[in-house]
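The structure under discussion appears below in the form of structure tokens.
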Amino acid sequence: MNDVASIREGACRCGQLRLKAHGAPLITMACHCEGCRKMTASAFSLSALYPQDAVEVSGLEPVIGGMHSELHHYFCPYCLSWVFTRAEMMGPFVNVRATMLDGADDLAPFIETCVAEKLSWVTTPAVHSFEVFPPMERFPELMAQYATSRQA
Ligand SMILES: [Zn+2]
Ligand SMILES: [Zn+2]
């Protein structure tokens, strides 16, 4: 799975919106913010960030959900699973919901964000915890650390 040439497949709950992610993610994250808790109907969201070119979407055409804001949350139009997010301000990346991908067991969150809003009983194995969402300038360094950790 650490092979950069590897392809990881994924799908929504009903399987009609499919994903193919090429190579390893740039970083994996858990987000504890209230918005993510609402949209996942769970304690936190899990994501795997990929370059936009590395992710192929096929099958049903995803629809925008969530806040319909500058963060574009894409859902399956049939089963309404939250499948991925794109944000113009983050650049040419796609943040795939890690649990949509096959073999998500090795996509444990490397960082966790918005822990100020975290439910008190939740813990994750994240190596770095941030009270809020960290500034974009931190990401190159965090991504480099994540890549190194995957090779270990
Ligand atoms: Zn679906
Ligand atoms: Zn969040």
Side-chain angles (χ1 to χ4, degrees), residues 7-22 24-52 54-146 149-150:
I7 294 179
R8 194 191 292 263
E9 306 223 29
C12 63
R13 178 67 177 87
C14 76
Q16 297 184 88
L17 197 173
R18 303 202 55 83
L19 296 171
K20 254 186 206 172
H22 295 258
L26 300 168
I27 197 163
T28 52
M29 300 175 275
C31 183
H32 299 277
C33 83
E34 187 182 13
C36 284
R37 299 205 310 266
K38 298 277 187 195
M39 288 203 294
T40 55
S42 189
F44 50 86
S45 68
L46 287 169
S47 36
L49 186 74
Y50 286 90
Q52 193 155 305
V55 178
E56 290 174 58
V57 179
S58 60
L60 293 182
E61 187 71 24
V63 293
I64 300 283
M67 286 301 286
H68 297 243
S69 65
E70 70 281 358
L71 281 173
H72 300 306
H73 303 299
Y74 290 90
F75 289 70
C76 168
Y78 183 79
C79 69
L80 305 179
S81 301
W82 180 21
V83 179
F84 61 94
T85 296
R86 284 201 186 111
E88 259 80 82
M89 75 271 202
M90 283 170 56
F93 299 107
V94 52
N95 208 12
V96 177
R97 305 268 69 85
T99 43
M100 300 298 152
L101 294 168
D102 295 347
D105 196 51
D106 77 334
L107 296 176
F110 185 69
I111 70 168
E112 59 183 347
T113 61
C114 302
V115 295
E117 297 175 55
K118 183 174 84 60
L119 297 177
S120 61
W121 46 266
V122 169
T123 55
T124 81
V127 175
H128 298 283
S129 295
F130 296 94
E131 286 293 298
V132 294
F133 201 83
M136 290 301 153
E137 307 88 78
R138 291 294 312 273
F139 276 84
E141 168 215 336
L142 291 167
M143 288 173 184
Q145 281 185 33
Y146 176 67
S149 78
R150 285 185 68 88

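Both counts, for ligands and for their atoms, begin at 1 and track the order of listing.
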Run Gln145 and Phe110 through side chain to side chain contact (heavy atoms under 4.5 Å, CB included) and show every step you take. CA-CA 9 Å; Gln145 281 185 33; Phe110 185 69; 3.8 Å; yes
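- Scanning both residues, Leu19 and Met100, for their nearest heavy atoms gives CD1-CB, 4.2 Å.
- For the pair SG of Cys76 and SG of Cys14, the angle at the Zn ion (ligand 1) is about 110°; rounding is to 10 degrees.
- Phe139 has its ring centre less than 6.0 Å from the ring centre of Phe133.
- For the Zn ion (ligand 2), the set of nearby N, O or S atoms under 2.8 Å includes none belonging to His32.
- Applying side chain to side chain contact (heavy atoms under 4.5 Å, CB included) to Thr85 and the options Arg97, His72, Met39 leaves one that passes, Arg97.
- With the Zn ion (ligand 2) as the vertex, atom SG of Cys31 and atom SG of Cys33 span an angle of 120° (nearest 10 degrees).
- For residue Cys114, no N/O/S atom approaches the Zn ion (ligand 2) to within less than 2.8 Å.
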